[in-house]
Structures are given as C-alpha cells and as structure tokens.
Engineer: 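Please find one structure pasted underneath; my questions will follow.
Letters go in sequence order (proteins before strands), and every chain restarts at 1.
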Number of protein chains: 2
Amino acid sequence: MNIGDVARQSGVPAKTIRYYEDIGLIRPNRSENGYRAFTENHVHKLAFLGRARALGFTIEDCRTLLSLYEDENRESMQVKAVAEDHLRQIEEKIAKLQSMRATLAELVEKCAGDHRPDCPIIEDLSPERLAK
Amino acid sequence: MNIGDVARQSGVPAKTIRYYEDIGLIRPNRSENGYRAFTENHVHKLAFLGRARALGFTIEDCRTLLSLYEDENRESMQVKAVAEDHLRQIEEKIAKLQSMRATLAELVEKCAGDHRPDCPIIEDLSPERLAK
DNA sequence: ATTGACCCTCCAGTAACTGGAAGCCTCATA
DNA sequence: TATGAGGCTTCCAGTTACTGGAGGGTCAAT
C-alpha cells in the first residue's frame, strides 16, 4: 500500500506519516521504486496513533502506548498509569485556563468597548496602578 | 538600568527580555560598554507584557495591546476586541480539554489497572474494534 | 591582579507537525 | 510515443515563545 492509501484509511495525513517514520514510530518497508510500502498493520497503528493524539497524549506517550498495544503481556496498570498521568495534566491545563477565563471575562465585561480610551483591561495589565 | 535590575523589577527573566528586544517588543538603548540601558518605562512595559502573557495573550496580541497601552487616543473597543477574541479561544481550548478529560476519565475508571493485559483504554484506541 | 557577578552574542533545542521546492515514478490518454 | 496529471521522494524552513549553554568581555572590590 502506498502512503496515500494509508493516509486515507488511517485518517493520518501523509506528511505526518512520514514524520512518524522519521521519529521511529512506524517502520514501513520500501518498494523497489523507493516508495514506502505499508501493510494493514501499519494502518492500524496509525489509526491508533491518531486516536491517542486526539486525546492529547504526547508523542512520547504514544510511543509507550503503542508498545503496550503490541505487547500481549502488558499489564493494564501500565496503560492506566500513562492515562492517569495524562489526565492529571489535562486537569491542570483546564484549571489554568479557567482561571484565565475568569479574569478575562470579568475585564471584558467591565470594559465599555466604546470610542473612549479608558479601559479596565489596559488598567489591569498596567503596572502603574501598583505604585499608586 | 541594566538587564538584571529590570528583570527583578518587572518579573520578566533577562533571557526573555533579550528575546523581546529581538522581536521588537521593546527597544532599550545601549551604554558605551554595550550593555542594554533600560528606563523605568521599560520596566513598566515589561511588567505589562508579563501580565498579558500570564493571561495567555499571544506575543502578537501583546504587541497590539502594548501599542494600545501607549496610545492615549485608543478606543476601548479596540482593546475589548482583542480580549474578547482571546477569551473565545480560551473557551474553545477549555471545551476541547474537557471533552478529552471526559473520555479519558471514563476509560481510566473502567481500567482495572492490574497485572492482566485486558485494558479498555487500549481497546478504545484500537481500530480493530471498528471491524467487528 | 584576581575573583565573582554581570553582561554580551550566537547557536541549538523544545513539540509536533506543516508547507514548499525540486525532482522521480506511473498510468492513462492522444 | 509523448505528454500531462497525480503521486511519490527528500530536504529545508517555519511555526510559538522561549530556554540553556558555550565562549568571552566588563565591573567593583579585594
């Protein structure tokens, strides 16, 4: 199978597939003409990667998950550990963003948004107010 | 004032200040010895930048906000537009992360996390289940 | 004169791709 | 058989916002 077919079937862009080969996530063979030659298994792995990435796992997480995916003797606790760790990081990001949103929403609401220069947003960002 | 003082007063690391100069956010003069020479105003701008960055504004947003900060004839609607746009993007990110969290939390909960290989997380990521 | 704390520039690396240039390969059609 | 449209290849550069480090001047005090 050529890269285009694999891209269509897995949902992962050809460019990204080449990148994944570069960093050693997949190892397709080569045809005589130099084209990458993929198998069904590669399609599966790529789809797996696509899903894992969609859930926000890093490439390094994906590397780990992929090896667990292929390891018949894996222990589910290994997988769970990776997922829990990632979940924690997602929650941290959410918390940080929610805090930003709260501040920002408040400022936006307070700002008249008219033709005058007075602006609570600028004032909040300005350090002069500290000196006063 | 040398970069170290400015870094301490503004809370922005020296390395970052140099970077901000590189990209034209601030323009300190130079002393005879080649050292950057900062003024109080630079400290203010840098503190402003630090706060804006902490609220998640991009560097390009910061560039705009900084020019509005310095513009006595600004219209608050200009500031508000930038902030509202950023707020929208934050909300998008939050939504995306919450969706990931939901999926991930569900999977983590379903996973036994023991010594057996069976794992709902791996199964969810696997494409084979589609074929079944 | 030497030490230690500053300062300088320039290069490389981070995360995960994405776009584009330059150039083969292949197949179908004229 | 020539040609043109895709598809494939590699390699280079750019993205975001810094951060770390090497190699080397500067300054104040001892």
Engineer: Please state how far atom CG in A:D22 lies from atom P in C:dA15, giving the value in whole angstrom units.
Structural biologist: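 To the nearest whole Å, that distance equals 16 Å.
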Engineer: How is A:F57 classified with respect to the nucleic acid when contacts are heavy atoms under 4.0 Å: base, sugar-phosphate, or nothing?
Structural biologist: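 The residue A:F57 makes no contact with any strand.
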Engineer: In whole angstroms, how far is the P atom of D:dG20 from the CD1 atom of B:I17?
Structural biologist: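 The distance from CD1 of B:I17 to P of D:dG20 comes to 15 Å, rounded to the nearest Å.
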Engineer: Consider only side-chain heavy atoms of I, L, V, M, F, W and Y, link residues closer than 4.5 Å, and tell whether B:Y19 and B:F48 are in one cluster.
Structural biologist: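 The answer is yes; both residues are in one hydrophobic cluster.
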Engineer: Knowing that exactly one of B:R30, B:R27, B:K15 qualifies, which makes a salt bridge (charged side-chain N to carboxylate O under 4.0 Å, His left out) with B:E21?
Structural biologist: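 Checked B:R30, B:R27, B:K15 against B:E21; only one passes salt bridge (charged side-chain N to carboxylate O under 4.0 Å, His left out): B:R30.
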Engineer: Where each residue is assigned the nucleotide of DNA chain C containing its nearest heavy atom, which of B:A37 and A:I59 is assigned the position nearer the 5′ end?
Structural biologist: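 Whichever sits nearer the 5' end wins; that is B:A37.
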Engineer: Should A:R53 be listed as having a side-chain N or O under 4.0 Å from OP1 or OP2 of C:dC17?
Structural biologist: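 Yes, A:R53 has a side-chain N/O under 4.0 Å of OP1/OP2 on C:dC17.
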Engineer: Go through the steps to decide whether B:R88 and B:E91 satisfy the test salt bridge (Lys or Arg N to Asp or Glu O under 4.0 Å), and finish with yes or no.
Structural biologist: CA-CA 5 Å; B:R88 245 173 272 123; B:E91 281 169 350; over 6 Å; no
Engineer: Please tell me if A:R63 has a side-chain N or O lying less than 4.0 Å from either OP1 or OP2 of C:dA16.
Structural biologist: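 No.
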Engineer: Considering just the side-chain nitrogens and oxygens of A:T16, establish if one lies under 4.0 Å of OP1 or OP2 belonging to C:dA16.
Structural biologist: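 Answer no for this pair, as no side-chain N or O of A:T16 is under 4.0 Å from OP1 or OP2.
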Engineer: Can you tell me how far P of D:dA17 sits from CD1 of B:I23, to the nearest Å?
Structural biologist: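 B:I23 atom CD1 is separated from D:dA17 atom P by 8 Å.
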Engineer: From CZ of A:R30 over to C1' of C:dC25, roughly how many Å is that when rounded to an integer?
Structural biologist: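 Taking CZ of A:R30 and C1' of C:dC25, I get 14 Å after rounding.
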Engineer: Heavy atoms from C-beta onward define the side chain here; which of C:dA16, C:dC7, D:dT19 lies closest to that of A:Y19?
Structural biologist: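 Nearest nucleotide to the side chain: C:dA16.
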Engineer: In this structure, how many angstroms lie between the P atom of D:dT9 and the CD atom of A:E32, rounded?
Structural biologist: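 Taking atom P of D:dT9 as the reference, CD of A:E32 is at 15 Å.
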Engineer: In Å, rounded to the nearest 0.5 Å, how long is the span from CD of B:E92 to CG of B:L87?
Structural biologist: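 That separation rounds to 10.5 Å.
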Engineer: Starting at atom CG of A:L49, determine the distance to atom P of C:dA15, rounded to an integer number of angstrom.
Structural biologist: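 The distance from CG of A:L49 to P of C:dA15 comes to 17 Å, rounded to the nearest Å.
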Engineer: Measure from the side-chain N and O atoms of A:R74 to the backbone N and O of A:Y69, and report whether any donor-acceptor pair falls under 3.5 Å.
Structural biologist: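 Yes, because the side chain of A:R74 sits within donor-acceptor range (under 3.5 Å) of the backbone of A:Y69.
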Engineer: Could you check which of D:dC18, D:dT10, C:dC6 has an atom nearest any side-chain atom of B:Y20?
Structural biologist: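 From the listed options, D:dC18 comes nearest.
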Engineer: Relative to the 5' end of DNA chain D, which residue comes earlier, B:G56 or B:Y35, by the nucleotide with the nearest heavy atom?
Structural biologist: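 Its nearest nucleotide lies further toward 5', so the answer is B:G56.
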Engineer: Atom CE of A:M1 to atom P of D:dC8: distance rounded to whole Å?
Structural biologist: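 From A:M1 CE to D:dC8 P: 12 Å.
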Engineer: May I ask you to evaluate whether A:N33 reaches the phosphate of C:dT26, defined as a side-chain N or O under 4.0 Å from OP1 or OP2?
Structural biologist: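 It does, given that an N or O in the side chain of A:N33 lies less than 4.0 Å from OP1 or OP2 of C:dT26.
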Engineer: How is B:R18 classified with respect to the nucleic acid when contacts are heavy atoms under 4.0 Å: base, sugar-phosphate, or nothing?
Structural biologist: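 Base: the residue B:R18, judged by heavy atoms under 4.0 Å, touches a nucleobase.
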Engineer: Heavy atoms from C-beta onward define the side chain here; which of C:dT9, C:dC6, D:dC8 lies closest to that of B:R36?
Structural biologist: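 The closest nucleotide is C:dT9.
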Engineer: Measuring from the side chain of B:N2 (C-beta onward, heavy atoms only), which nucleotide among D:dG21, D:dT9, C:dC7 has the closest atom?
Structural biologist: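 The closest nucleotide is C:dC7.
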Engineer: How many Å lie between CG on A:L46 and P on C:dC17, as a whole number?
Structural biologist: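 It is 11 Å, rounded to the nearest whole Å.
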